[in-house]
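Report on one structure; see the data block that follows.
These figures come from a predicted structure and were not determined experimentally. For the numbers below, each heavy atom of this structure counts, side chains included, while hydrogens, waters and symmetry mates do not. In the text below, chain A, chain B and the rest are named by the order of the sequence lines, each starting its count at 1.
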2 protein chains.
Amino acid sequence: MPQDHLTQTFSALADPTRRAILARLITGEATVTELSKPFEMSMPAISKHLKVLERAGLIARSREAQYRPCRLEAKPLKEVSAWVEEYRQIWEHRLDRLDAYLQVLKKKEQRNARSKKKPR
Amino acid sequence: MPQDHLTQTFSALADPTRRAILARLITGEATVTELSKPFEMSMPAISKHLKVLERAGLIARSREAQYRPCRLEAKPLKEVSAWVEEYRQIWEHRLDRLDAYLQVLKKKEQRNARSKKKPR
DNA sequence: TTTATATTTAACCGTCAGGTTATTTAAACA
DNA sequence: TGTTTAAATAACCTGACGGTTAAATATAAA
């Protein structure tokens, strides 16, 4: 079933083996066998992890003879970055100038919104 | 068993319901009942989601009478942000000045690392 | 054409995540 | 005290996830 991008990306990143694979790929392309070396895990297991990363768009693969070299793709991380940064900024601002404003909003809601007036 | 922070945070964020809860919490504290309103889901389900978010450190909870208001916590997102940004920078730089250097690294590895010489 | 190498697919298994309903706990209120 | 409200816990179900081994596929090499 069609999962949204963010969910797919976050899920893909929520596994230490997959993050380690990405870390390894920073130094350049690698084949499946090369990637499997550091892990005490069967090839099919690695193959599955790679498929997850590929579906999430975090890696791309080509074909060279029998090999299927993998390389990193940055696009999905931009989406993640944007999401995270939005929250970070809000949180940081909450601590100073936006704090008062949000407090007001909160109080208003808690008083079970009797008035239907909206700001502007 | 003890999961590393990043795995825990990414897992927590890899669910649209939980991200929606976080989005709702941007506007201020909310009780469990309030949070459950927008979702066609039982209270225990929401309760579980909140526990996941709490374990990941993304929310904190207090006690007011029977209520257990939730509020956002930013700390774990800093870790995520740092991780993502590291990769983004590498990728972005790969496209220009670092590209050549990484190509060299890659080639050297592929020639099964006969020489043990390291750059500086 | 056979054989070897790299990788994927198939079939299976145990665990855990995300949901349910029913029950319990905690505090407020009548 | 007994009742209502807020939330958590228990017990359960189902499906997906992460792993396995064995078989299939694709290409290179002998």
I want to confirm an ordering. Mapping A:K48 and A:Q66 to their closest nucleotides on DNA chain C, which one lands closer to the 5' end?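 Here A:Q66 is the residue nearer the 5' end.
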
In whole angstroms, how far is the [atom2] atom of [N] from the [atom1] atom of [X]?
| X | N | atom1 | atom2 | result |
| --- | --- | --- | --- | --- |
| A:E64 | D:dA29 | CD | P | 13 Å |
| A:M43 | D:dG19 | CE | P | 15 Å |
| B:I46 | D:dA6 | CD1 | C1' | 14 Å |
| B:K37 | D:dA7 | NZ | C1' | 14 Å |
| A:R61 | C:dA6 | CZ | C1' | 11 Å |
| A:M41 | D:dT21 | CE | P | 13 Å |
| A:E40 | D:dT21 | CD | P | 13 Å |
| A:E29 | C:dT7 | CD | P | 12 Å |

B:Y67 or A:A65: which one's nearest nucleotide on DNA chain D is closer to the 5' end? B:Y67

Contacts to DNA chain D from residues 49-58 of chain A, heavy-atom cutoff under 4.0 Å, which residues?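 Under 4.0 Å from DNA chain D: A:H49.
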
Euclidean distance, A:H5 NE2 relative to A:K75 NZ, rounded to 0.5 Å: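 Those atoms lie 10.0 Å apart.
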
Only pairs under 3.5 Å count here: list side-chain donor-acceptor contacts from residues 43-57 of chain A, not counting sequence neighbours, and write none if there are none.
from: A:H49; atom 1: ND1; to: A:R18; atom 2: NH1; distance (Å): 3.1

Mind checking B:A45 for me? I need base, sugar-phosphate or nothing, with any heavy atom below 4.0 Å counting as a touch.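 Since a base atom lies under 4.0 Å of B:A45, the category is base.
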
May I ask you to say what A:T31 touches in the nucleic acid, namely base, sugar-phosphate or nothing, with a heavy-atom cut-off under 4.0 Å?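 Touches sugar-phosphate only.
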
Side-chain N,O ([X]) to OP1/OP2 ([N]) below 4.0 Å:
| X | N | result |
| --- | --- | --- |
| A:S47 | C:dT8 | yes |
| A:R63 | C:dT7 | no |
| B:S42 | C:dT20 | yes |
| A:R68 | D:dT27 | no |

Could you check which of D:dA8, D:dG19, D:dT20 has an atom nearest any side-chain atom of A:T17?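 The listed nucleotide nearest to A:T17's side chain is D:dG19.
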
Given side chains that start at C-beta, do those of A:E85 and B:S81 come closer than 4.5 Å, heavy atoms only?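 Counting from C-beta outward, A:E85 and B:S81 do come under 4.5 Å.
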
For B:A23, is there any backbone N or O sitting under 3.5 Å from a side-chain donor or acceptor partner on A:Y87? yes

Assess whether a salt bridge exists between A:K37 and A:E34, defined as any Lys/Arg side-chain N lying under 4.0 Å from an Asp/Glu carboxylate O. no

Answer yes or no: is there an ion pair linking B:E86 with B:R88, defined by an N-O contact shorter than 4.0 Å? no

Side chains of A:E79 and A:T9 only: does a donor on one sit below 3.5 Å from an acceptor on the other? no

